[in-house]
Amino acid sequence: DGGITQSPKYLFRKEGQNVTLSCEQNLNHDAMYWYRQDPGQGLRLIYYSQIVNDFQKGDIAEGYSVSREKKESFPLTVTSAQKNPTAFYLCASSRGDAYNEQFFGPGTRLTVL
Amino acid sequence: ILNVEQSPQSLHVQEGDSTNFTCSFPSSNFYALHWYRWETAKSPEALFVMTLNGDEKKKGRISATLNTKEGYSYLYIKGSQPEDSATYLCAVTRGFQKLVFGTGTRLLVSP
């Protein structure tokens with residue numbers, strides 16, 4: 001089955017530690033995205049990548065980093081510089097066409113202790 | 001700044017009721033509007049992508065309309081069922097390959 005996987009589903013981190021969230025897709029999509037969801041807010045774009053070895057900052061990139069070394073993978077690192085990292089993180093991918101229908105993974109809930 | 005507003009924030013209806021909710025967005029520089037359904041413990045799932053003023057889309061009991069001149073879209077659910085319980089997200093394309101999401105409408109359908 002084609003789809004997007006994210007791991008782990010739940011993640012706990014001590015304050016001051018970096019942590020990496022995994023996102024893999026086998027849809028052969030060019031574009032990939034990371035969103036963050038907080039209570040009462042819409043999904044906010046952290047980073048996106050249109051092709052391999054290229055990525056751009058979204059609206060709330062501070063304290064996060066990404067890489068796109070393979071088409072299938074777009075890991076997100078939450079660094080210790082992120083002031084309020086506890087949130088639900090969603091990864092998505094799309095064909096990269098103009099209409100940009102996005103397909104989402106199941107998400108990772110990160111809690112900083 | 002592109003602002004996408006959804007109303008109501010939440011809705012509780014009885015099985016069999018029909019319901020509708022609204023997505024509002026700036027009408028200038030419009031390109032496309034997306035509706036997603038997000039069930040608890042699942043991934044958001046695309047329902048519709050609409051681009052033209054007057055567009056109407058339908059999938060089973062769910063339909064949507066688009067008015068790009070005045071900047072709104074309606075999502076209708078006819079004869080709501082408990083399995084329709086979910087958060088319905090609206091998003092507008094901002095530039096190439098970027099979406100701006102509303103905060104969603106949470107629908108609960110009681111048997």
Side-chain angles (χ1 to χ4, degrees), chain A residues 1-7 9-10 23-27 29-51 54-61 68 74 87-109, chain B residues 1-10 21-26 29-53 55 57 59 64 66 68 73 75 86-106:
Chain A
D1 287 338
I4 301 177
T5 57
Q6 290 185 244
S7 61
K9 190 172 182 179
Y10 299 97
C23 177
E24 304 277 333
Q25 54 101 358
N26 61 2
L27 299 168
H29 284 169
D30 287 316
M32 296 187 74
Y33 312 81
W34 274 105
Y35 293 94
R36 168 181 172 139
Q37 190 201 31
D38 295 283
Q41 297 199 43
L43 299 179
R44 292 184 291 166
L45 183 64
I46 304 172
Y47 266 98
Y48 65 105
S49 168
Q50 295 175 324
I51 56 172
D54 186 52
F55 48 83
Q56 287 81 40
K57 292 181 180 180
D59 300 314
I60 54 167
R68 187 84 186 278
F74 190 41
F88 186 74
Y89 292 88
L90 273 173
C91 178
S93 70
S94 74
R95 285 184 290 271
D97 59 23
Y99 298 116
N100 197 31
E101 179 181 345
Q102 295 187 9
F103 296 79
F104 287 86
T108 293
R109 183 166 298 281
Chain B
I1 296 177
L2 178 55
N3 203 27
V4 178
E5 308 267 354
Q6 289 190 248
S7 63
Q9 190 173 24
S10 63
F21 14 97
T22 305
C23 174
S24 302
F25 53 88
N29 299 317
F30 173 83
Y31 194 81
L33 182 132
H34 305 244
W35 281 103
Y36 288 84
R37 176 170 58 199
W38 192 1
E39 297 178 66
T40 302
K42 294 187 177 180
S43 306
E45 172 194 2
L47 287 173
F48 307 115
V49 180
M50 296 188 288
T51 59
L52 299 176
N53 186 44
D55 249 356
K57 300 272 186 175
K59 182 183 286 189
L66 177 66
T68 61
S73 174
L75 188 79
T87 295
Y88 291 83
L89 299 174
C90 166
V92 173
T93 300
R94 179 193 70 183
F96 191 64
Q97 298 189 12
K98 288 195 288 184
L99 298 182
V100 176
F101 284 85
T103 54
T105 293
R106 181 176 293 184

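Just so it is clear, the values below take in all heavy atoms, side chains as well, and ignore hydrogens, waters and symmetry mates.
Residues A:Phe104 and B:Trp38 are not in side-chain contact: their nearest non-hydrogen atoms beyond the backbone lie 4.5 Å or more apart. Contact of the B:Leu99 side chain with the A:Tyr35 side chain is registered, since non-hydrogen atoms from C-beta on lie closer than 4.5 Å.
The environment of CZ in B:Arg106 is sparse: at most 12 heavy-atom neighbours from other residues, nucleotides or ligands sit within 6.0 Å.
For B:Lys59, there are no salt bridge (Lys or Arg N to Asp or Glu O under 4.0 Å) partners at least two apart in sequence or on another chain. Take A:Arg95 and apply the salt bridge (Lys or Arg N to Asp or Glu O under 4.0 Å) test, not counting sequence neighbours, and it matches A:Asp97.
The contact between A:Gln41 and chain B is made entirely by backbone atoms, counting heavy-atom distances below 4.5 Å. For chain B, the nearby parts of A:Gln102 are the backbone and the side chain; heavy atoms of each come within less than 4.5 Å. Only the side chain of A:Leu45 comes within contact range of chain B, with at least one heavy atom under 4.5 Å from a heavy atom of that chain.
Heavy atoms only, all atoms of each residue included: A:Leu90 and B:Pro44 are closest at CD1-CG, 4.0 Å.
The choice from B:Lys42, B:Gln6, B:Gln9, B:His34 that makes the most heavy-atom pairs within less than 4.5 Å of chain A is B:His34.
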